[in-house]
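Given the structure is predicted, the values throughout are model-derived calculations rather than measurements.
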Amino acid sequence: MQYKVYGKQNQDVIVLLHGGGLSWWNYREISELLQNDLQIIIPILDGHTGSDKDFTSIKDNADEINIPEMAAALKGLSINNLMFDACLMGSVEAAALLIGGLSLGGQILVEMLSQRKNICRYAIVESASVIPSKLTYSLIRPTFGTCYGLIKQKWFSKLQFRSLRIKPELFDDYYQDTCGITKQNMIAFLQESSMYSMKKTLGECTAKVHLFVGERENKRILFSAKKIREAIKNCDLHILPSMYHGEFSINQADRYAKELYDIIKSH
């Protein structure tokens, strides 16, 4: 697994997991705001542009993100924005101060919290679905079978981009990385995301979890947030007025960074 790294060595570690179809630039602006005080590691999820593996499952991605090994690999390094390969990693005991994740990245974070109850002290889960949809699953393959070829057409990509409500200055990043995702990988992570459900062991996690969801997101995302809150005792739900899916971390970097600082300083 490949990573993007911001910040200095020997700082508290923050891990941020980008959304499906995006990449590390999902958190670029946030990382630039945090890098003087924290070390930020942004894994490039399997099957996405810049990754070194095809996408298989949310569980496999959660298994691969080994924070102790990540800390070992970075120990003694001070090169900002370093890209490196996970095979070079060592093994030491370490834990993240905070892990954040958006959408597919949020689902992977939920899976990580289910697998390793003390993987981090704080977590920010943004817009993660944990309610499977067989209908959505069944539509993904035929939909992308017919329209995947249009993705590399800039006019079509711009239409998709506008529908996601991502700020205009990120279009070039979005277009480049979307074109780099194979049809097989795109179908794989979209289908996996559509059928993800949280594990019973999620309730055992020790992290203080903060759920963020846009007020204007679809009902499945809103219901998922409430379901996660019911499963985790130490959990707060934040409904973001007038926001759609992903707008918080992608378009509101200043606000996201402030919330993150407030979370780690208030406990």
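- With hydrogens and angles left out, the side-chain atoms of Q115 and T201 include no donor and acceptor closer than 3.5 Å.
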- Query: Going through the distances and angles, do M186 and T178 end up as a side chain to side chain contact (heavy atoms under 4.5 Å, CB included)?
  - Reply: CA-CA 9 Å; M186 192 168 289; T178 301; 4.2 Å; yes

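- Nearest heavy atom pair, residue I65 against residue L17, reads CD1-CD2, 3.6 Å.
- Note: S114 OG to I58 CD1 = 11.0 Å, rounded to the nearest 0.5 Å.
- Put simply, the side chain of V13 reaches to within 4.5 Å of the side chain of I41, judged on heavy atoms.
- Between the side chain of N118 and the backbone N or O of T206, no donor-acceptor pair lies under 3.5 Å.
- The closest donor-acceptor contact from the side chain of R220 to the backbone of I131 lies under 3.5 Å.
- Ion pairing of E64 with K59 is absent here, as no side-chain N (NZ or NE/NH1/NH2) approaches a carboxylate O to less than 4.0 Å.
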- Message: Please evaluate residues I151 and F144 with respect to the criterion side chain to side chain contact (heavy atoms under 4.5 Å, CB included), reporting the C-alpha separation (whole Å), side-chain torsions for both, the decisive distance (0.1 Å), and the verdict.
- Response: CA-CA 10 Å; I151 288 174; F144 279 90; 4.2 Å; yes

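- For I42 against S31, the heavy-atom pair with the smallest separation is CD1-OG, 3.4 Å.
- In this structure, the side chains of L98 and L38 stay at 4.5 Å or more apart for every pair of heavy atoms.
- Using a 4.0 Å cut-off between a side-chain N of Lys or Arg and a carboxylate O of Asp or Glu, K258 and D254 do not qualify as a salt bridge.
- Among all heavy-atom pairs drawn from A207 and C120, the shortest one is CB-O, 3.4 Å.
- Between the CD1 atom in I181 and the CG atom in D54 there is a gap of 12.0 Å [rounded to 0.5 Å].
- Checked by atom type and distance alone, the side chain of E215 pairs as donor or acceptor with a backbone atom of S242 at under 3.5 Å.
- The heavy-atom pair separating A128 from G106 by the smallest distance is CB-C, 3.7 Å.
- Here F55 and H48 keep their ring centres 6.0 angstrom or further from each other.
- Checked against the 6.0 Å centroid threshold, Y175 and F171 count as a close aromatic pair.
- Remark: E126 CD to H245 NE2 distance equals 7.5 Å, nearest 0.5 Å.
- At a threshold of 4.5 Å between side-chain heavy atoms, the hydrophobic network of Ile, Leu, Val, Met, Phe, Trp and Tyr places I187 and L139 in two separate groups.
- Side-chain atoms of M198 and K227, non-hydrogen and from C-beta on, do get closer than 4.5 Å to each other.
- To the nearest 0.5 Å, atoms CG (L159) and NZ (K154) are separated by 13.5 Å.
- Of all the heavy atoms in M1 and P43, the pair that sits closest is SD-CB, 3.7 Å.
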- Task: Evaluate the side chain to side chain contact (heavy atoms under 4.5 Å, CB included) criterion for residues D12 and I264: first the C-alpha distance (whole Å), next the side-chain angles of each, then the deciding distance (0.1 Å), finally the verdict.
- Result: CA-CA 10 Å; D12 288 321; I264 62 179; over 6 Å; no

- Chi angles and distances behind the side chain to side chain contact (heavy atoms under 4.5 Å, CB included) call for L16, Y256: CA-CA 12 Å; L16 299 173; Y256 190 101; 4.0 Å; yes

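- The closest side-chain heavy-atom distance from L211 to K226 is not below 4.5 Å.
- At a threshold of 4.5 Å between non-hydrogen side-chain atoms, the residues V209 and V125 count as touching.
- The hydrophobic clustering, which links ILVMFWY residues whose side-chain heavy atoms are closer than 4.5 Å, places Y122 and L33 apart.
- Classification of the W25-Y174 ring pair by plane angle, with boundaries at 30° and 60°, yields perpendicular.
- For S194 (side chain) and Q191 (main-chain N/O), a donor-acceptor pair under 3.5 Å exists by modelled atom type.
- Residue F156 places its CZ atom among more than 12 non-hydrogen atoms of other residues, nucleotides or ligands, all under 6.0 Å distant.
- To the nearest 0.5 Å, atom CG of residue N26 and atom CD1 of residue I44 are 12.0 Å apart.
- With respect to K53 and D60, no salt bridge is recorded, no charged nitrogen being found less than 4.0 Å from a carboxylate O.
- M195 and F223 are assigned to two separate hydrophobic clusters, defined by single-linkage of ILVMFWY side chains at heavy-atom distances under 4.5 Å.
- Here the closest non-hydrogen pair linking I124 and L109 is O-CD2, 3.5 Å.
- Within the 3.5 Å criterion, the main-chain N or O of L102 finds no donor-acceptor partner in the side chain of H18.
- At least one donor-acceptor pair under 3.5 Å links the side chain of E247 to the backbone N or O of Y244.
- Using a 4.5 Å cut-off on side-chain heavy atoms (C-beta onward), L45 and S51 make no contact.
- To the nearest 0.5 angstrom, I232 atom CD1 is 4.0 Å from L202 atom CG.
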- Message: Could you walk me through whether N61 and E111 satisfy the side chain to side chain donor-acceptor pair (under 3.5 Å) test, starting with their C-alpha distance in whole Å, then the side-chain angles of each, then the deciding distance to 0.1 Å, before giving a yes or no?
- Response: CA-CA 9 Å; N61 271 255; E111 183 67 21; over 6 Å; no

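- Proximity of L237 to F212: side-chain heavy atoms (C-beta onward) are nowhere separated by under 4.5 Å.
- Side-chain contact between E29 and K167 is present, with heavy atoms from C-beta onward closer than 4.5 Å.
- R28 and D173 are joined by a salt bridge, as a carboxylate oxygen and a charged side-chain nitrogen come within less than 4.0 angstrom of each other.
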- Query: Does the pair D236 and K208 meet the rule for a salt bridge (Lys or Arg N to Asp or Glu O under 4.0 Å), with working shown?
  - Reply: CA-CA 8 Å; D236 291 337; K208 172 64 179 178; 3.0 Å; yes

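- Side chain to side chain, Q107 and S129 fail the donor-acceptor criterion of an N or O pair below 3.5 Å.
- With hydrogens and angles ignored, the 3.5 Å screen pairs a side-chain donor or acceptor of N251 with a backbone N or O of R165.
- At a threshold of 4.5 Å between side-chain heavy atoms, the hydrophobic network of Ile, Leu, Val, Met, Phe, Trp and Tyr places Y196 and Y137 in two separate groups.
- Of the possible polar contacts, one joining the S224 side chain to the V130 backbone as a donor-acceptor pair under 3.5 Å is found.
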